[in-house]
Enquirer: 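Handing you a structure now.
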Number of protein chains: 2
Amino acid sequence: MQLRVVVMLETDRSLFMSDAPSFRNPTAHDVARLAGVSQSAVSRAFTAGASISPDKREKIIAAADQLGYRPNILARSLIQGTSKVVGVVFGQFENPFFAHALDRFAEEFAARGLRILLFTAKTNATVDEQVAELLSYKVSAVILMAVNLSSKLAAECARSNIPVVMFNRTTEEDHAAFTVTGDNAAGATAIARHFLATGRKRIAYMAGYDDSSTSRQREAAFFAALADSGLPPPRRAIGHYSRHGAIEATRALFASASDQPDALFCANDLMAIAAIETLRAEFGIEPGAQCAVAGFDDIPMASWPSFSLTTYSQPVADMVARAVAFIAGETGEEQAVVVPGKLIVRNSA
Amino acid sequence: MQLRVVVMLETDRSLFMSDAPSFRNPTAHDVARLAGVSQSAVSRAFTAGASISPDKREKIIAAADQLGYRPNILARSLIQGTSKVVGVVFGQFENPFFAHALDRFAEEFAARGLRILLFTAKTNATVDEQVAELLSYKVSAVILMAVNLSSKLAAECARSNIPVVMFNRTTEEDHAAFTVTGDNAAGATAIARHFLATGRKRIAYMAGYDDSSTSRQREAAFFAALADSGLPPPRRAIGHYSRHGAIEATRALFASASDQPDALFCANDLMAIAAIETLRAEFGIEPGAQCAVAGFDDIPMASWPSFSLTTYSQPVADMVARAVAFIAGETGEEQAVVVPGKLIVRNSA
DNA sequence: CTGTTAGCGCCTTCAT
DNA sequence: ATGAAGGCGCTAACAG
């Protein structure tokens, strides 16, 4: 009978444990008690550059190890009013350009002891909520990748002294957001000149989104360069920066068999690659000769032999480095950084 | 003269603001004072399901809006001992399979009010430090994507009652980590049978890492299926799950012109696609006829016409859903979930 | 339903 | 260099 009771107790206990955390993590007090010092000594032992004698520190560290103690970053951040966390709002998982950029950010931040709190926003509409939530985490900076922020929330960030970085987007409004982009104007102009120099006449443009500053800037420069040479405005379609959208856009642009473009500039590489495949598979057109195709970004895939895409490069690592330098306060007064790239001519154009 | 003084004051103020956060964010106390209620009432107004009268709540919300107040999540988490944050340790940005999985996780978590704290670990060696740091953020769960955790840290997580999920990896050790994988054995067997059924004789295998459970399981099943049919063990090379590594591995496997494989199974699609391109570009081999190439994952790119890769699918969305269900405590006792996929036959094999 | 009272775990003056 | 004491902003029992 007694045995049965014991078993039941054990069962109860394990059930309880799986529901609620019955185990309390050790605190600085626990460590202090074990090491025979004050709690503030423990705090100092874990704070770089605090004044504490080496032997005392060692004793504390030993006690901490024994207990499995780690400082609670939440409590620390609460006091200091800021956390070593950067909020990143990310949208485009499909595009390797941004995946790569996120990778670079992670690395640069890690080197500075910063962590990434990741938020996703498929549309600009949801960005505001995400950023609002970020603020309540007391992040030390906000990075917006491929999305825009309303000026209202930008103002809120500014008021809380949280730097905002827009990566690969600019903004016309004068709220204080730091922007880093590639050289959209120079790139689009270079592509246009390349098309003209190789005798292209019936030129088309595939936009990303109409409300993307990046796409608009590339389009404006591209159209301007062509107009300078007396060409009519290119035919135009919207690919939504996605593969699917780009396939549809390509079909639309090449639908009329009697009047197909002989050159196509896509607002990014992802769409350009989709266009290349669509031209091959559905129109029997091999990009390069009959029709030139160019992109923007120079993602790794652009150099793959299957695509050999002519494009204008955006140096991701540099762009990220500039953004991080700004956040770390290592930069001057600039607000809109434009990182130059270069025209990469391959076989597609 | 007075004007000049004002200007100087403004300058001083802005300099000061850029150095330290002179602006104190409004707290629940501030809101309480403005709304003429107690501070706990403010807390209740922002807590779903707390007992507070609708009109009082409205008054509080209005005051909060006026002040730009948002609850400090750090303080809340400090009390509750856990944050609505999930730690994700991520390694493979190059592989769209994981990018897609991360995307799915972000979406599923967002639907449950969970956030992602992102850590990167290029090697298994660094995973432990990352997870240790995660613990001090009081995350409510840890997800390991394509990396392994030492049993020491797994034990620490268990002691803190933090569920650990290994995504696309399993572990032989019996520490309590929940694992989700595709059906590595069934997939590799299906590929082997497909090779055999189409008369392949000189079969090769490209591994990921030797210490990756995923790669080892696929290899074991693949080798076993071939051995069942009396074939000798395949030639073998290691591609490190990267494009670069896969190109090198392909070169090694096909170096001897007199004895090239007539079938190649790669431990993932990313490597298989690299192999296809290398065969075309460097060996003049068009995958499908002369040499079959198969992968594993069924990433979107596998279906692109340029590759048309035969592969075994891993249903990312399902896998992620299972992992999230476990974290949310909606699942039973299972520890090692295997999500079945299916053989996708395209042109490459 | 509401206000009061204690803390959550830690950092940071302030004395010593 | 060290300990004591007072919060950081909020939630969670308590009474009423």
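A note on names: the letters A, B, ... follow the listed sequences, proteins ahead of strands, and every chain is numbered from 1.
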Enquirer: Is the backbone of B/I162 close enough, under 3.5 Å, to the side chain of B/S160 for a donor and an acceptor to pair up by distance?
Expert: no
Enquirer: Answer yes or no: is there an ion pair linking A/E330 with A/R112, defined by an N-O contact shorter than 4.0 Å?
Expert: yes
Enquirer: Give the nucleotide from the list C/dC8, C/dC11, D/dT2 with an atom nearest to the side chain of A/K56.
Expert: D/dT2
Enquirer: Given C/dT2, D/dC10, C/dT12, identify the nucleotide with an atom nearest to the side chain of B/R76.
Expert: D/dC10
Enquirer: Given atom NE2 of A/H29 and atom P of D/dA5, what is their separation to the nearest angstrom?
Expert: 11 Å
Enquirer: Which atom names give the shortest non-hydrogen contact between A/R169 and A/T179, and what distance separates them?
Expert: O-CB, 3.4 Å
Enquirer: Taking NZ from B/K138 and C1' from D/dC10, how many angstroms apart are they, rounded to a whole number?
Expert: 18 Å
Enquirer: Please report the closest heavy-atom contact between A/D30 and A/R24, naming both atoms and the distance.
Expert: OD2-NH2, 3.3 Å
Enquirer: Just to be sure I understand the rule, does B/R57 reach a base, reach only the sugar-phosphate, or reach nothing, if contact means heavy atoms closer than 4.0 Å?
Expert: nothing
Enquirer: Distance check: side-chain N/O of B/S53 vs OP1/OP2 of C/dT2, anything under 4.0 Å?
Expert: yes
Enquirer: In whole Å, what is the span from the CD1 atom of A/I52 to the P atom of C/dC11?
Expert: 12 Å
Enquirer: Find the distance B/L135:CG to C/dG9:P and express it as a whole number of Å.
Expert: 15 Å
Enquirer: Has A/Q80 got a side-chain N or O lying under 4.0 Å from the OP1 or OP2 atom of C/dT12?
Expert: yes
Enquirer: Nearest to the A/S40 side chain among D/dA4, C/dG3, C/dG9, which nucleotide is it?
Expert: D/dA4
Enquirer: Respond yes when some side-chain nitrogen or oxygen of A/Y137 is under 4.0 Å from OP1 or OP2 of D/dG9, and no when none is.
Expert: no
Enquirer: Which one, C/dC10, C/dC1, D/dG9, comes nearest to the side chain of B/S51?
Expert: C/dC1
Enquirer: Once you round it to whole Å, what is the distance between C1' of C/dC10 and CG of B/L74?
Expert: 12 Å
Enquirer: Please work out if A/Y69 contacts a base, only the sugar-phosphate, or nothing of the nucleic acid, heavy-atom cut-off 4.0 Å.
Expert: sugar-phosphate
Enquirer: Atom CG of A/N72 to atom C1' of C/dC8: distance rounded to whole Å?
Expert: 9 Å
Enquirer: Do the ring planes of A/F178 and A/F326 sit parallel (below 30°), tilted (30 to 60°) or perpendicular (above 60°)?
Expert: parallel
Enquirer: For the pair made of CZ in A/R33 and P in C/dG9, what is the distance, rounded to whole Å?
Expert: 12 Å
Enquirer: In terms of the nearest nucleotide of DNA chain C, which residue is placed more toward the 5' end: B/S38 or A/R44?
Expert: B/S38
Enquirer: Rounded to whole angstrom units, what separation is found between the CG atom of B/L78 and the P atom of D/dT11?
Expert: 11 Å
Enquirer: Starting at the 5' end of DNA chain C and moving along, which residue's nearest nucleotide shows up first, A/I79 or B/V37?
Expert: B/V37
